[in-house]
Amino acid sequence: MNKKLLPLAVAAFFGLPVASALNAEYANVSLDVQGGSDLRVEAANPPSMVFGAKESKGKGSDKLASWQYITIPLRVNGKCRGDKSPNFIGELNVHVYAAFEGAGKDAAPVLLDKEITYVEIPLSGKSSENKEWMEGLMNAGIFLSPSNAKKILGDDKEKIELKDKLIAVAVEATFEGSNCMHPKKDPFYIVSAKYKQKLSGAWWKKGSANKQNAELLAISETPFAPFYAPTFPPTKPLYGSVEAVSGTSSAMGEAGDVSGATTDTPTDSMPKEKKSKKKAK
């Protein structure tokens, strides 16, 4: 027998423990946004590939060819029963909401949303709040194709840049079907200063159908699908349409009429135990 396989064989025969990755049994998620610069719309172009033919772009089409994306930094915590420390969060559903300025001076903001399932999210060290938990950092990513960006901006724009159009984002995360957002931290961040007073309560819950029909995409639904690492955790599925219900676009009522919405206070998915009084760094 191969000498490298002997220890494993002995362990299997006698029931000895073998080191393996351990998934968390509890999870907790919060936005890790320190300022508006952490949330921005960035341009990206798919890696070019040689197919032995000329590109089919027409005159000026390069102005309308860029994909755009937003990375949303999240802090994730995981815990197992007993004294075991998990290495990963096996699966996490993240529902992202993004509000953009609508086309036209008095247009209502456009609210888009997307549900994405991430898997194998690494936990790299002790939690900054509770040393009994393990902690990790990850990015949720939402993408806009050129045509979807164009729908938001309207027909009067030659370019499709949305970098100055992002108003706010919000996140709802669930673990094993239950809400796992941090109960003491805001699940949203207002990027545009002029909307800070207009957006209150659970503003992302207030919306109605609109005519834009724009949609957000997960990286698995874009030409960037093979290149997710190391910016984003793997999605489920890794390629193709996500299994979660795709988000729909909505208009947030009249401009400025986005306050007063309420929602139930998120329940803490942490196990019932004494929590550390140390503040997060």
Side-chain angles (χ1 to χ4, degrees), residues 27-45 66-78 89 92-101 109-118 121-125 127-129 133-144 148-149 152 160-174 180-205 214 216-219 222 224 227-235 247 252 258 266 279-281:
N28 194 264
V29 179
S30 61
L31 278 175
D32 192 45
V33 179
Q34 307 302 319
S37 61
D38 287 348
L39 294 170
R40 58 186 183 275
V41 182
E42 300 182 81
N45 288 307
S66 294
W67 283 70
Q68 296 171 81
Y69 69 102
I70 303 170
T71 57
I72 302 171
L74 301 176
R75 186 175 297 272
V76 294
N77 289 273
I89 292 178
L92 186 70
N93 181 268
V94 180
H95 196 157
V96 179
Y97 300 81
F100 299 88
E101 288 188 353
V110 177
L111 177 65
L112 308 181
D113 71 293
K114 184 69 176 179
E115 286 189 57
I116 308 170
T117 299
Y118 291 101
I121 303 163
L123 300 171
S124 56
S127 169
S128 56
E129 290 189 31
W133 287 65
M134 296 295 289
E135 183 176 88
L137 299 175
M138 64 166 281
N139 290 318
I142 48 176
F143 287 72
L144 288 125
N148 281 307
I152 296 174
I160 58 169
E161 294 180 353
L162 293 169
K163 61 181 181 180
D164 297 324
K165 300 298 182 180
L166 182 63
I167 295 173
V169 300
V171 170
E172 295 175 337
T174 56
C180 63
M181 292 300 296
H182 197 296
K184 297 182 180 179
K185 296 183 180 180
D186 289 334
F188 66 89
Y189 188 88
I190 311 299
V191 179
S192 176
K194 68 180 181 180
Y195 282 89
K196 287 188 180 294
Q197 300 301 320
K198 298 177 182 179
L199 299 180
S200 62
W203 52 264
W204 60 96
K205 292 293 190 181
L216 300 174
L217 299 173
I219 192 172
T222 74
F224 306 95
F227 309 101
Y228 69 90
T231 306
F232 309 107
T235 59
M252 299 167 64
V258 290
K279 295 183 179 179
K281 296 181 180 179

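Taking 4.5 Å as the limit, some side-chain heavy atom of P73 sits within range of a side-chain heavy atom of N139. At least one side-chain heavy atom of L92 sits less than 4.5 Å from a side-chain heavy atom of M138. Looking at heavy atoms from C-beta onward, D186 lies out of side-chain contact with L31 at the 4.5 angstrom threshold. In this structure the side chain of V76 never reaches within 4.5 angstrom of the side chain of L137, judged on heavy atoms. Between M181 and V171 the shortest side-chain heavy-atom distance falls below 4.5 Å. Side-chain contact between Y228 and T235 is absent, with no heavy atoms from C-beta onward closer than 4.5 Å. For the pair N28/P183, a side-chain contact is recorded, criterion being any heavy-atom separation below 4.5 Å from C-beta on. Side-chain contact between P109 and L199: absent, with no pair of heavy atoms (C-beta onward) separated by less than 4.5 Å.
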One pair to check against side chain to side chain contact (heavy atoms under 4.5 Å, CB included): W203 and L111. What are the steps and the verdict?
CA-CA 10 Å; W203 52 264; L111 177 65; 3.9 Å; yes
Test L166 against R40 for side chain to side chain contact (heavy atoms under 4.5 Å, CB included), laying out the working first.
CA-CA 7 Å; L166 182 63; R40 58 186 183 275; 5.9 Å; no
I219 and F227: side chain to side chain contact (heavy atoms under 4.5 Å, CB included), yes or no, with the steps?
CA-CA 9 Å; I219 192 172; F227 309 101; 5.9 Å; no
For L144 and I152: C-alpha separation, side-chain torsions, deciding distance, then whether side chain to side chain contact (heavy atoms under 4.5 Å, CB included) applies.
CA-CA 10 Å; L144 288 125; I152 296 174; 3.8 Å; yes
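Under a 4.0 Å N-O distance rule, the pair K185/E129 qualifies as a salt bridge.
Of the possible polar contacts, none joining the D32 side chain to the R75 backbone as a donor-acceptor pair under 3.5 Å is found. Looking only at distances, a side-chain donor or acceptor of Y189 sits under 3.5 Å from a matching main-chain atom of G36. Looking only at distances, no side-chain donor or acceptor of Q68 sits under 3.5 Å from a matching main-chain atom of A149.
Here the closest non-hydrogen pair linking M134 and S124 is CE-C, 4.3 Å. Shown here for A43 and Y69, the closest heavy-atom pair between the two residues is O-CE2, 4.0 Å. Closest approach of I142 and A98 over heavy atoms only: CD1-CB, 3.9 Å. Across every non-hydrogen atom of C180 and A27, the tightest pair is CB-O, 3.4 Å.
The line from NE2 of H182 to CG of N77 is 7.5 Å long, rounded to the nearest 0.5 Å. Atom-to-atom distance recorded for E42:CD and L162:CG is 12.5 Å, nearest 0.5 angstrom. Distance check: F143 CZ to L216 CG gives 11.0 Å after rounding to the nearest 0.5 Å. Here NZ of K114 is found 14.0 Å from CD1 of I70. Values are rounded to the nearest 0.5 Å. The CD atom of E161 lies 8.0 Å from the OG atom of S66; values are rounded to the nearest 0.5 Å. With rounding to the nearest 0.5 angstrom, the CD1 atom of I72 is 7.0 Å from the CG atom of L74.
The local environment of NZ in K196 is crowded, with over 12 non-hydrogen atoms from other residues, nucleotides or ligands closer than 6.0 Å.
Between W204 and F188, the two ring planes are tilted [angle within 30° to 60°].
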